[in-house]
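Structure record follows, encoded as structure tokens.
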2 protein chains.
Amino acid sequence: MNDDTQNEGDKPRSATIVDVAKRANVAIGTVSRYLNGFPIRRANREQIEEAIQALRFRRNATAVAMKTDVTHVVGLLAPSFDEFHGAMLEHLSRALRRDGRALLIYCHGGDTRLMEDGMDYFSTQRIDALVMSGEDHLFDRVDQLIDAGVPLVLYDNDIAGLKADRVFVNNREASMHAVRHLLDIGHRRVGLVSGDLEDSAAHGRYLGYCDALEERGIAVDPRYVESGHWTILGGNDATRRLMSLPQPPTAVFSANYVMALGALRCFKDARVRMPEDVSLISFDDAALFGLYEPGITVVAQPINGVAQSIADVLERRLRSERSMPFSSTNLRCEVILRGSTRPV
Amino acid sequence: MNDDTQNEGDKPRSATIVDVAKRANVAIGTVSRYLNGFPIRRANREQIEEAIQALRFRRNATAVAMKTDVTHVVGLLAPSFDEFHGAMLEHLSRALRRDGRALLIYCHGGDTRLMEDGMDYFSTQRIDALVMSGEDHLFDRVDQLIDAGVPLVLYDNDIAGLKADRVFVNNREASMHAVRHLLDIGHRRVGLVSGDLEDSAAHGRYLGYCDALEERGIAVDPRYVESGHWTILGGNDATRRLMSLPQPPTAVFSANYVMALGALRCFKDARVRMPEDVSLISFDDAALFGLYEPGITVVAQPINGVAQSIADVLERRLRSERSMPFSSTNLRCEVILRGSTRPV
DNA sequence: TTGTATGCGTTATCAC
DNA sequence: GTGATAACGCATACAA
């Protein structure tokens with residue numbers, strides 16, 4: 001009866017609860033109950049534990065998922081894993097892990113086809129929930145997924161009208177503070193390197209920019225608003241257009257850190273000195289922004305807070321009532337003053 | 001018989017192949033064969049396709065995994081998702097997706113307990129393979145996973161003695177080139193901010209450093225080698241120790257970009273000018289390194305190449321013989337000269 | 001080709 | 001508490 005010989009090279013069959021039950025001389029149901037923390041007669045418990053050890057038994061998560069329809073896996077759909085989304089992922093991964101969940105990731109790189117493929121993938125993969133940075137034209141697909149019973153948490157960028165939990169930052173207020181700071185130190189011509197304005201995040205940051213200007217009685221001049229489409233190249237182009245205006249801005253506000261990289265590149269190429277010739281403030285803090293000479297003033301997002309909030313709302317929705325009302329969390333960003341902004 | 005009413009708020013039961021078969025008036029086996037691309041009578045195919053559309057049927061990946069013992073999910077165990085590992089993750093995610101696989105991630109942050117928990121998690125989760133940046137004291141756990149039939153791919157850092165595929169970069173040669181460059185421009189006292197020397201990556205980079213010095217007849221002085229333990233704070237400390245030597249180095253080589261951040265911070269705090277007072281060269285290229293004033297000379301890893309190689313070797317091993325001999329890939333890094341290194 | 005039946009490893013529902 | 005046994009959704013061997 002010695003069955004220890006595994007097929008060399010091939011995938012060995014690992015022990016199941018049936019094997020454990022046999023070896024422990026108990027019923028399979030008893031083993032299951034042990035595994036799920038239900039009360040067990042002491043003698044049986046010891047037998048079972050011995051068997052589990054000896055057989056190196058590990059519960060097959062796939063089978064559990066199939067029975068219970070719960071995978072403990074959460075999907076994450078993100079455009080990239082740059083410093084911002086990477087940090088986000090890292091914190092979220094850790095926070096979810098504390099609740100016994102893990103992240104299945106899909107990275108679409110802004111490519112529409114890939115996004116759709118990603119949604120497709122997630123709808124067959126039976127995830128417990130989906131976390132994503134919203135993309136407007138995915139509305140229908142996401143909506144279907146929700147209909148199929150998969151809870152959704154939106155972060156970073158909204159998709160209006162979806163039955164979902166939301167965790168965002170106060171884009172509008174934070175941007176207003178940022179621009180207000182520039183106005184406070186005397187700037188009057190402030191350029192905005194914006195994200196795609198259809199994106200709620202870009203829109204919010206744009207509105208905050210407007211708020212600050214209007215508050216000081218400065219009319220919003222559309223020529224000073226250029227979209228950098230969230231990318232480094234786009235940010236570079238946008239900044240260049242801004243700086244070649246007849247009256248170039250004396251300060252630039254970039255709606256994310258990637259585009260700020262493009263702006264820095266532009267300043268460098270055009271030999272525009274910062275902060276002597278132009279001030280810069282950017283959304284998102286990056287590791288090097290504090291080290292860069294001069295340090296770059298930023299609006300720092302509470303990335304860990306966002307991650308934890310996502311994990312929290314997920315835990316509540318998944319653990320308790322799935323029908324609880326949808327929540328909308330709004331976290332505060334912090335303006336960190338550094339050397340890149342100075343009075344005109 | 002109208003069963004379209006879903007339990008409001010609760011998880012709706014989604015259509016199975018049984019439902020599809022019923023509606024299409026074919027046997028369940030036929031549907032399965034259709035799904036798996038086997039030949040099907042035309043009339044049946046049309047019926048089935050209609051049913052799938054109407055029922056919004058999506059194949060249940062969990063059930064498939066249970067039957068076939070293949071999940072199409074690959075585990076990734078990484079210390080963090082900073083710029084390096086984030087980029088790695090992004091490329092790997094995309095490369096794997098092309099072969100129909102996705103990544104289940106676990107981030108341990110260098111915490112031993114979390115690493116072990118991660119291994120635990122992956123051994124119940126029935127992943128098709130595990131990709132990881134090696135951690136020496138995980139040898140036993142990883143070995144068990146391999147015994148359980150899970151192929152392993154090591155990248156970034158090795159664990160010696162494991163039956164695994166390996167995808168690394170030429171740490172030793174690349175480091176030699178980097179240090180050689182410093183010597184070429186006249187430096188004689190070159191400091192090394194090293195990673196933990198037990199790590200193969202750190203060791204390789206250290207050896208390359210030694211190679212270059214010895215090649216020029218310069219003895220390796222242990223006082224010029226300080227470990228920064230891969231972290232920003234560690235790198236900062238290490239650099240500080242280096243710079244407070246009676247004869248401080250005129251050039252510093254940092255074994256990764258995170259510690260280079262610490263070095264930069266040190267220079268900044270100590271008002272050591274770069275490159276006037278000290279030259280710096282770092283392993284890994286970071287987005288801001290090219291923009292930083294002066295640009296930072298780096299040894300750039302072919303991150304995309306690493307990711308693609310991992311995907312390739314995985315595809316081969318998973319698709320064809322699981323028993324194929326283990327491969328070891330070694331990719332070339334590229335030294336990118338920028339302003340942070342200059343002749344003494 | 002197609003239909004039928006069995007099993008993958010668990011959980012859950014019964015009687016006992 | 002425990003032991004049988006029926007699912008879960010799918011793939012597959014086998015007979016038709």
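Convention: sequence-line order gives letters A, B, ...; per-chain numbering from 1. The analysis underlying the following values was restricted to heavy atoms, covering all of them including side chains, and did not include hydrogens, waters or symmetry mates.
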Sidechain N-carboxylate O distance under 4.0 Å for [X], [Y]:
X: B/Arg126; Y: B/Asp69; result: no
X: B/Arg98; Y: B/Glu315; result: no
X: A/Asp120; Y: A/Arg141; result: yes
X: B/Asp117; Y: A/Arg97; result: yes

Starting at atom [atom1] of [X], determine the distance to atom [atom2] of [N], rounded to an integer number of angstrom.
X: A/Ile52; N: C/dG9; atom1: CD1; atom2: C1'; value: 14 Å
X: A/Asn25; N: D/dA4; atom1: CG; atom2: P; value: 11 Å
X: B/Ile48; N: C/dT1; atom1: CD1; atom2: P; value: 13 Å

Is there any protein nitrogen or oxygen under 3.5 Å from a nitrogen or oxygen in nucleotides 7-9 of chain D, and what are the pairs?
unit_1	atom_1	unit_2	atom_2	d
D/dA7	N3	A/Lys67	NZ	2.6
D/dG9	OP1	B/Arg13	NH1	3.4

Is any side-chain heavy atom of A/Leu130 less than 4.5 Å from a side-chain heavy atom of A/Val74?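 No; the side chains remain at least 4.5 Å from each other.
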Any side-chain N or O of A/Asn44 less than 4.0 Å from the OP1 or OP2 oxygen of D/dG1? no
Distance (rounded to the nearest 0.5 Å) between A/Phe81 CZ and A/His85 NE2: 8.0 Å
Within this structure, what is the CD1-CD1 distance for the pair A/Ile28 and A/Ile17, rounded to the nearest 0.5 Å?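 That separation rounds to 4.0 Å.
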Heavy atoms from other residues, nucleotides or ligands near CZ of A/Phe326 exceed 12 (cutoff 6.0 Å): yes
Quick check on contacts: within residues 27-43 of chain A, what sits under 4.0 Å from DNA chain D by heavy-atom distance?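 Within residues 27-43 of chain A, the residues near DNA chain D are A/Ala27, A/Ile28, A/Thr30, A/Arg33, A/Pro39, A/Ile40, A/Arg41.
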